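First comes the structure, then the notes that go with it.
Here the structure is a predicted model, which is why all the values come from computation and not from measurement.
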Amino acid sequence: QVVFALNQTLLQQEGLRAGSFQIPYTTEDLIKHYNCGDLSSIILNHDTSQVPNFINATLAAHERITAQEIDSYFRQELIYKRNQRMGRRVKDLLEEYPDKSLFFAFGAGHFVGNNTVIDVLRREGYEVEHTPAGQAI
């Protein structure tokens with residue numbers, strides 16, 4: 001699986017460099033939608049931008065299975081479990097310092113798709129609001 005993932009990553013990078021493969025959204029798109037509070041609209045069917053996508057139509061059946069296994073592993077271990085830990089840490093700090101104002105900053109990928117840090121906090125009963133760029137906190 002490691003060799004497969006490395007080969008697919010290299011193929012994608014070569015495709016980007018050659019112009020035959022394009023990322024479905026730009027950094028500017030991410031910034032604009034982050035500021036507007038609607039990152040999910042730019043990524044649509046992508047669960048998260050942090051997980052490499054190895055699944056494509058050119059793969060043989062056995063390679064597609066390997067790609068799906070790797071995708072599932074990355075999503076679970078690198079995104080969902082990490083967001084869960086981060087959300088728990090935020091919750092613990094909020095409970096430890098109830099009379100303090102706290103500010104938390106996360107990368108944009110932690111706010112996109114399913115099982116985000118925000119989802120974790122909402123499940124714990126917290127109300128989470130988006131603060132647009134330029135708005136005073």
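- Proximity of a side-chain donor or acceptor of Glu63 to a complementary backbone N or O of Ala60 within less than 3.5 Å is detected.
- Within the structure, every pair that satisfies the side chain to side chain donor-acceptor pair (under 3.5 Å) test and touches residues 115-128, not counting sequence neighbours, is listed here: Thr116-Asp119.
- Under the side-chain hydrogen bond (donor to acceptor under 3.5 Å, both in side chains) criterion, Gln84 pairs with no residue at all, not counting sequence neighbours.
- Around the CZ atom of Phe104, the shell of radius 6.0 Å holds more than 12 heavy atoms that belong to other residues, nucleotides or ligands.
- Atom CD in Glu69 sits 11.0 Å away from atom CG in Asp71 (nearest 0.5 Å).
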Just distance, no hydrogens or angles: give the donor-acceptor pairs under 3.5 Å from side chains in residues 86-97, sequence neighbours left out.
residue	atom	partner	partner atom	Å
Lys91	NZ	Glu95	OE1	3.4
Lys91	NZ	Glu95	OE2	3.0

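- When hydrophobic clusters are built by joining Ile, Leu, Val, Met, Phe, Trp and Tyr residues whose side-chain heavy atoms come closer than 4.5 Å, directly or via intermediates, Ile118 is grouped together with Leu102.
- Under a hydrophobic clustering in which Ile, Leu, Val, Met, Phe, Trp and Tyr are joined whenever their side-chain heavy atoms come within less than 4.5 Å, directly or via other members, Phe106 and Leu121 fall into the same cluster.
- Applying the side chain to side chain contact (heavy atoms under 4.5 Å, CB included) rule to Glu14 yields the partners Leu11; only residues at least two apart in sequence or on another chain are considered.
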